[in-house]
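Every chain is numbered from 1, with letters handed out A, B, ... down the list of sequences.
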There are 2 protein chains.
Amino acid sequence: MASKSDQPTNRLQAELKKRRPFDSPHQEAVLNVLRTNDQFQNKFGRLFRHYGLTASQYNVLRILRGEAKPMPCLEIADRMIQVVPAITGLIDRLEAQELVIRQRCREDRRVVFVALTDKARKLLDTMDEPVMSLHRGLMGHLTQLELKELSRLLEKARQRVDSAQLPGDQTPSP
Amino acid sequence: MASKSDQPTNRLQAELKKRRPFDSPHQEAVLNVLRTNDQFQNKFGRLFRHYGLTASQYNVLRILRGEAKPMPCLEIADRMIQVVPAITGLIDRLEAQELVIRQRCREDRRVVFVALTDKARKLLDTMDEPVMSLHRGLMGHLTQLELKELSRLLEKARQRVDSAQLPGDQTPSP
DNA sequence: TGTAAATAATCTACATGTAAACCTTTATGT
DNA sequence: ACATAAAGGTTTACATGTAGATTATTTACA
């Protein structure tokens, strides 16, 4: 039972069923990023699940295929945006599915190499077309110019992430 | 040991330490969205944690404050992008922190209303400035025109999310 | 009226992301 | 050589997101 004055005047505002307009265009842009991400993640999640994988698992496999040789756990974690401990369980489950194997390095017995199996390579090959097709399906209605501009703006947005101040943050860049 | 021809020629490519260029501008734009989201989530996550909240918890509180009156669980869930079952645990933890209270509706005994407490209102007020400040910190270096264009492009991107075809998907819109 | 269908919320099971502590192995400093 | 620090992984604890099943109520309708 919204009162008459509560009509959203904006698409994102309507999507989120927000009564009031955004505090600032900054906030609106940030929420647009989060919202778009959620919808994309949702789509890709379903696609990957169709092949028995999660998004993170697919991501690990893609990284390994791109590298074309076994990689240490932490190097994989480094290329994902994740933090260290999550990688262990991830690799555990991929190993249980026989998509990767672990082998301890002989020179430095601390490091564990992770390698793709043939099964994983075949699975990835099968997924290539559907994945690319989904990328096109999600973004194909934007012009080349719009795609380029979108990427440029998002990259520009990320430039300040590291220096953005948090309340308790006592370490500006020296 | 990357060979000479493996130099990334692109910012995102470099960030992800990707050897090869992207398959398509569509893919690049999608990955830019995901990457930007991760970095933003990370920043906001830390800010919220500083106040003893997670991003989802803060989101619930904001929705309740915006509505300005008690809401049924599912209506809250509906405004988040999440699926139903997760909301229960979320409310449980907020209730344990005395930030919300549950009250069963008398007319329809299936629904449970969730209401903000004064403690939550005070906490939200405390957080308003830092949160807005972070929004500005993340996006303040984009011009008003760029912010508007970014929001426009992201909204345009979301327009096709629902109709984007998945492999096993036998239900195009009728 | 009585039964089936729809709703609101919850529970369970599993994969993930975050933080902090820990173990083993390797590198360093004196 | 020995103590210490650093590095690579793992473990534990907790909050979340997804899917599917379940309970309690309410609504629809034959």
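In this structure, CD of Glu107(A) is placed 16 Å from C1' of dA27(C), rounded to the nearest angstrom. Per the geometry, CZ belonging to Arg93(A) stands 13 Å off C1' belonging to dT11(D), to the nearest Å. One atom, CZ of Arg102(B), and another, P of dA9(C), lie 10 Å apart when rounded to the nearest Å. In this structure, Asn59(B) places its CG atom 18 Å from P of dA15(D), rounding to the nearest Å. If you take CG of Asp92(B) and P of dG17(D), they are 14 Å apart, rounded to a whole angstrom. Rounding to whole angstrom units, CG of residue Leu74(B) and P of dA8(C) are separated by 6 Å. For the pair Gln39(A) CD and dG17(D) P, the interatomic distance rounds to 15 Å; values are reported in whole Å. Whole-Å rounding puts the Leu34(A) CG to dG17(D) P distance at 12 Å.
With dA15(D), dG17(D), dT16(C) as the candidates, the nucleotide lying closest to the side chain of Leu90(A) is dT16(C). In the set dT26(C), dG9(D), dT18(C), the nucleotide with an atom closest to the side chain of Asn42(B) is dT18(C). Of the candidates dA19(D), dG9(D), dT16(C), dG9(D) carries the atom nearest the Val111(A) side chain, counting heavy atoms from C-beta on. The side chain of Pro72(A) lies closest to dG9(D) when the candidates are dG9(D), dA15(C), dA8(C).
A donor N or O paired with an acceptor N or O is found under 3.5 Å between the base of dT7(C) and the side-chain atoms of Arg110(B).
Salt bridge absent: Lys122(B) and Asp125(B) never bring a charged side-chain N and a carboxylate O closer than 4.0 Å. A salt bridge links Arg102(A) and Asp92(A); the closest N-O separation between the charged side-chain nitrogens and carboxylate oxygens is under 4.0 Å. The pair Asp23(A)-Arg136(B) does not count as a salt bridge, with every side-chain nitrogen at least 4.0 angstrom from each carboxylate oxygen.
Counting any heavy atom pair closer than 4.0 Å across all strands shown, Gln41(B) reaches no nucleic acid atom. Here Pro85(A) lies in heavy-atom contact (under 4.0 Å) with a base.
Ranked by how close their nearest DNA chain C nucleotide is to the 5' end, Met80(A) and Arg106(A) are led by Met80(A). Sequence order on DNA chain C of the closest nucleotides to Arg109(A) and Phe113(B) puts Phe113(B) first from the 5' end. For the pair Ile87(A) and Arg49(A), both in contact range of DNA chain D, the more 5′-proximal nearest nucleotide belongs to Ile87(A).
Between Tyr58(B) and Phe48(B), the two ring planes are parallel [angle under 30°; tilted spans 30° to 60°].
A sub-4.0 Å separation between OP1 or OP2 of dC11(C) and a side-chain N or O of Thr88(B) is absent. Dashed line: the shortest gap from a side-chain N or O of Ser56(A) to OP1 or OP2 of dG17(C) is under 4.0 Å.
Separating the CD atom in Gln27(A) from the CG atom in Leu134(B) is a distance of 11.0 Å, to the nearest 0.5 Å.
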